[in-house]
Amino acid sequence: MLEKMFGDDFVRVRLSSGDGGLDGYCISTGICFQGYAPRDQRKDKIVGKIDNDFAKAKAFLKDQGVEMRGWTFVHNDYDGLPKEVVAKLGLLRQNNEKIAIKHWAFDQIWGQLKNLAIDDLEDLFPGSALDANINNLELQEIIAVLDRLSRQDPPIMPVLDFPDVKKLSFNKLSSKVKNHLKTAENHEDLVEDAIDADPNPMAGESIAQGFRSKYADLKTRGESPEDIFWTLYSYAGGEEFTGIRQQAAVYAVLAYYFHRCDIFENPE
């Protein structure tokens, strides 16, 4: 998470030769991060670790000619810290006024996670954020994607065969894409409702023509199934719609036309 927050500015410290009281270090801010996540939160051990790690980090950086400007203690005790540990952190602040002493628990970590970009969250928790939003899609979010697609002007393409149940595996899409499509296919009825709500009775077929045309062009050019999917994702607004619920709606629309057999191949 810290690497996603700070990018190249954050350095993870190797443990092999002793971490010098540092789990990580942010170069530009001079902030040290030290994590503690045991199964048994014994107050004497926590106090000892704080004392030991803070002193080691401060001394190590000083020996290297680097000023410690901040020290953040990260822990996993969702019930809060024992009073002895709180007192120890307070004492550190009192005795080190030039160093910003902080602690992060679940609330602070969650606050940082909420500020990360969608792609970063997907890297940290593959599939979780997007699938959760796919499961909670609403009609208006689908309509926004269909409205964008209906403004395309596709050539006429023939309707393809009825989809085979093995279609997902046959097209050799990545596990990430397959999993999202499997989740999104539960909302085919919602996509149908959005299409039916369009005053243009040909809107659904017009969008299907657009997908068929785009897919046929990409297939003719020899693009891989994965590359084809991401081009179609972009075509459906995946890059234009930056909100995670909007992107979830794009997956729902792609799943609908995938299973209608307007895009991708059926097994022979």
Using side chain to side chain contact (heavy atoms under 4.5 Å, CB included), reason through K56 and D53 one step at a time and then give a plain yes or no. CA-CA 5 Å; K56 281 199 301 183; D53 287 343; 3.9 Å; yes
Closest non-hydrogen atoms of L149 and A236, given as atom of the first, atom of the second and distance, are CD2-CA, 3.7 Å
Mutual orientation of the aromatic rings belonging to F211 and Y257 [parallel < 30°, tilted 30-60°, perpendicular > 60°]: tilted
Heavy-atom neighbours of E239 CD exceed 12 at 6.0 Å: no
Please give me the minimum heavy-atom distance between P201 and P199, naming the atom from each residue. CD-O, 3.2 Å
For R93, all residues meeting salt bridge (Lys or Arg N to Asp or Glu O under 4.0 Å), sequence neighbours excluded: none
Counting heavy atoms not belonging to E97, are there more than 12 under 6.0 Å from its CD? no
I want to check something: taking the side chain as every heavy atom from C-beta on, are F54 and I101 in contact at a cut-off of under 4.5 Å? yes
For T220 and A216, indicate whether the former's side chain and the latter's backbone hold a donor-acceptor pair under 3.5 Å. yes
I need the I46 CD1 to H75 NE2 distance, nearest 0.5 Å. 8.0 Å
I'd like to check V47 versus V85 (side-chain heavy atoms, cut-off strictly below 4.5 Å). Are they in contact? yes
Pair L2, D23 - check side chain to side chain contact (heavy atoms under 4.5 Å, CB included), show working. CA-CA 11 Å; L2 291 169; D23 282 336; over 6 Å; no
Give a yes or no on whether L91 and I50 share a hydrophobic cluster (residues Ile, Leu, Val, Met, Phe, Trp, Tyr; joining criterion: side-chain heavy atoms under 4.5 Å apart). no
How far does CZ of R212 sit from NZ of K214, to the nearest 0.5 angstrom? 15.5 Å
Student check: side-chain heavy atoms of Y235 and L254 closer than 4.5 Å: no
Return the orientation label for the Y251 and W230 ring planes: parallel under 30°, perpendicular over 60°, tilted otherwise. perpendicular
If you count heavy atoms of other groups shown closer than 6.0 angstrom to NZ of K4, is the number above 12? yes
CG-OH distance between D189 and Y256, expressed to the nearest 0.5 angstrom: 9.5 Å
For V191 and A252, the nearest pair of non-hydrogen atoms, with its separation, is CG2-O, 3.8 Å
Within the 3.5 Å criterion, strictly below it, is a donor on Q112 or Q108 matched to an acceptor on the partner's side chain? no
To the nearest 0.5 Å, what is the distance between CG on L81 and CG on L89? 6.5 Å
Working to the nearest 0.5 angstrom, can you tell me the gap between T29 OG1 and D9 CG? 6.5 Å
Starting at CG of N200, measure out to CD of E205 and round the result to the nearest 0.5 Å. 11.0 Å
Applying side-chain contact (heavy atoms from CB on, under 4.5 Å) to R69 and not counting sequence neighbours gives E67
Is there a donor-acceptor pair closer than 3.5 Å between any side-chain N or O of N52 and the backbone N or O of G48? no
Kindly indicate whether the side chain of W71, heavy atoms from C-beta on, has any atom under 4.5 Å from the side chain of N96. no
Min side-chain heavy-atom separation Q64-L61 under 4.5 Å: no
Which heavy atom of C26 sits nearest a heavy atom of F6, and at what distance? SG-CD2, 3.8 Å
With T231 via side chain to side chain donor-acceptor pair (under 3.5 Å) - residues at least two apart: none
Is any side-chain heavy atom of D198 closer than 4.5 Å to one of L146? no
Would you check if F258 and F229 make a side-chain contact, meaning some heavy-atom pair closer than 4.5 Å? no
Any side-chain heavy atom of K62 sitting closer than 4.5 Å to one from K58? no
Single-linkage hydrophobic cluster M202~I143, side-chain heavy atoms < 4.5 angstrom: no
Kindly give the heavy-atom pair with the smallest separation between E226 and V177, and that separation in Å. OE2-CG2, 3.5 Å
Minimum heavy-atom distance G237-V250, with the two atoms named: C-CG2, 4.1 Å
Kindly check if the number of other-residue, nucleotide or ligand heavy atoms within 6.0 Å of CG (D196) is above 12? yes
